[in-house]
Amino acid sequence: MKLGAVSAAFALAALCACAATLPRAEVDRCKLGVADGNDAYLVRQGAACRMVAQRLIADEQPGQAMAYARKACDLQDARGCEEYLALVRGQPALPPDELQRARATGEKACDGMVVGVDGTDARPVLCTRTAELYQDVEPRSRSDAGRLFGRACRLGDDRACAKARTLGADPDEHAAAVPPRPAPPQPVPTLPPPGPRPSSTGASAALPPAPACHEMRPCVALDVQQRNTNEVVGSIVNHCQHAVACTWCPSRGNQVDKGACHSATLAPNESKAGREAGLWYEGYNAMAYDCTDAADNRACLAL
């Protein structure tokens with residue numbers, strides 16, 4: 001685990017003068033994550049960024065709020081994504097590439113890269129917010145807006161259905177009739193570098209070859225929510241193109257309890273959440289996890 005070394009003083013110095021009223025705990029957690037050393041503050045990093053963004057919006061500082069909301073969305077906070085997409089849509093002028101980045105971020109969120117609070121499906125509203133970026137902001141795209149409104153409709157947003165039809169998309173047709181944008185490329189698993197070739201003589205010649213391991217953790221998302229002071233619940237989603245084998249364990253800070261781990265195999269786009277899936281622990285405040293290709297030897301899992 002890499003811990004940031006930025007001090008709270010430098011973190012606060014980046015804010016404008018009126019941002020001094022922002023709660024220090026929120027700003028530090030957003031900028032540093034749990035490396036801020038404040039174990040008593042239980043808010044997740046993505047949620048902290050979103051809370052800072054909401055305060056700046058209320059203080060009529062949308063430019064600074066956008067940066068915090070964008071970071072919240074990058075950290076897979078669903079409400080932070082909503083704030084970010086709404087902020088971009090409402091700006092009279094945008095920095096270079098901000099609209100393109102917001103649309104790409106919204107497409108990922110619409111595809112399921114973000115899980116809402118308590119494992120709820122955040123996709124309908126995020127698809128709608130992204131559709132509005134294509135419908136209302138230049139350069140507009142009726143086809144992309146219709147496609148995303150159609151998907152929001154199929155996912156349960158009834159208000160998006162009429163908008164999709166107005167734009168020429170039929171949300172009642174099979175998804176193949178409105179081709180979705182290609183999913184963002186997943187990280188290509190890399191094999192570990194080959195070790196030294198064993199000698200043909202001596203005891204080393206009898207050692208079995210190390211198993212080939214494919215690290216899949218970068219395309220598997222684990223979202224952990226702190227419910228009470230000593231209770232955590234998680235949701236895990238496989239965004240990889242292949243089935244994965246995952247193990248997760250509860251922890252107290254950096255102390256992982258490997259005696260309380262659970263394992264599961266997830267198909268592409270499959271998700272698990274809550275107590276029934278083994279993603280609920282009492283007496284802990286975090287979770288650690290690792291994932292490999294489902295065909296790999298279980299010895300490849302680090303936990």
Side-chain angles (χ1 to χ4, degrees), residues 30 44 46-58 60-95 97-169 171 175 178-184 221 223 235 237 239 269 271:
C30 172
R44 293 178 300 110
C49 293
R50 183 233 310 151
M51 292 161 64
V52 174
Q54 290 171 333
R55 293 181 187 277
L56 290 168
I57 292 170
E60 299 183 355
Q61 299 180 65
Q64 291 191 38
M66 190 182 303
Y68 283 98
R70 183 195 310 118
K71 184 170 183 179
C73 190
D74 289 341
L75 291 167
Q76 299 188 1
D77 182 82
R79 284 185 288 174
C81 285
E82 289 184 50
E83 295 283 4
Y84 174 52
L85 297 174
L87 279 167
V88 172
R89 179 190 176 207
Q91 296 310 300
L94 292 167
D97 301 329
E98 189 70 53
L99 177 59
Q100 181 179 356
R101 177 173 181 174
R103 286 173 170 173
T105 298
E107 293 272 2
K108 293 179 185 178
C110 179
D111 283 340
M113 295 291 282
V114 174
V115 178
V117 178
D118 297 328
T120 56
D121 191 351
R123 292 177 298 166
V125 65
L126 294 174
C127 291
T128 294
R129 294 289 176 267
T130 308
E132 291 169 346
L133 290 181
Y134 286 109
Q135 181 186 41
D136 302 334
V137 183
E138 293 288 354
R140 294 179 170 88
S141 173
R142 287 175 56 88
S143 61
D144 285 320
R147 168 176 58 83
L148 289 160
F149 277 130
R151 184 166 191 191
C153 174
R154 289 191 296 274
L155 290 169
D157 186 346
D158 294 335
R159 292 175 296 181
C161 300
K163 295 180 180 179
R165 294 188 180 95
T166 299
L167 293 168
V178 183
R181 284 199 166 192
D223 183 73
S235 59
V237 186
H239 298 299
N269 298 317
S271 63

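Note: hydrogens, waters and symmetry copies are ignored here, and every other heavy atom, side chains too, is used.
Between the side chain of Asp77 and the main chain of Gly80, a donor-acceptor pair closer than 3.5 Å is present. The backbone N or O of Gly46 lies less than 3.5 Å from no partner atom in the side chain of Lys71, so there is not a single donor-acceptor pair. No side-chain donor-acceptor contact under 3.5 Å links Glu83 to the backbone of Arg79.
Using a cutoff of 4.0 Å between basic side-chain nitrogens and carboxylate oxygens, Glu82 and Arg50 are not scored as salt-bridged. Between Arg123 and Asp111 there is no salt bridge, since none of the side-chain N atoms of the basic residue sits less than 4.0 Å from a carboxylate O of the acidic one.
Scored by the side-chain hydrogen bond (donor to acceptor under 3.5 Å, both in side chains) test, Arg129 finds no partners at all (sequence neighbours excluded).
At least one side-chain heavy atom of Leu85 sits under 4.5 Å from a side-chain heavy atom of Leu126. Within the 4.5 Å cutoff, side-chain heavy atoms of Cys127 are placed close to those of Leu155. Between Arg70 and Glu98, some side-chain heavy-atom pair lies under the 4.5 Å cut-off. For the pair Arg101/Tyr84, a side-chain contact is recorded, criterion being any heavy-atom separation below 4.5 Å from C-beta on. Looking only at side-chain heavy atoms (C-beta outward), Val88 and Leu94 come within less than 4.5 Å of each other.
When every heavy atom of Gly106 is checked against every heavy atom of Thr130, the shortest pair comes out as CA-OG1, 3.1 Å. Here the closest non-hydrogen pair linking Arg103 and Pro139 is NH2-O, 2.8 Å. Smallest separation of non-hydrogen atoms from Leu167 and Gly146: CD1-N, 3.7 Å. Nearest heavy-atom pair across Arg142 and Thr166 is NH2-O, 3.4 Å. Summarising the geometry of Leu75 relative to Cys49, their closest heavy-atom pair is CD1-SG, 4.1 Å, with the distance given to 0.1 Å. Ala160 approaches Ala152 most closely through the heavy-atom pair CB-CB, 3.8 Å.
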Problem - Audit row: Arg55, Gln61, side chain to side chain contact (heavy atoms under 4.5 Å, CB included) steps and yes/no - result: CA-CA 9 Å; Arg55 293 181 187 277; Gln61 299 180 65; over 6 Å; no
Practice task
Kindly determine whether Arg147 and Glu107 satisfy salt bridge (charged side-chain N to carboxylate O under 4.0 Å, His left out), including the steps that lead there.
Solution key: CA-CA 11 Å; Arg147 168 176 58 83; Glu107 293 272 2; 2.8 Å; yes
Problem - Audit row: Glu132, Leu148, side chain to side chain contact (heavy atoms under 4.5 Å, CB included) steps and yes/no - result: CA-CA 9 Å; Glu132 291 169 346; Leu148 289 160; over 6 Å; no
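Within a 6.0 Å radius of CZ in Arg140, more than 12 heavy atoms belonging to other residues, nucleotides or ligands are found.
Atoms CZ and SG, from Phe149 and Cys161 in turn, are 11.0 Å apart once rounded to the nearest 0.5 Å. Distance CG/Asp74 to NZ/Lys108: 8.0 Å, rounded to 0.5 Å.
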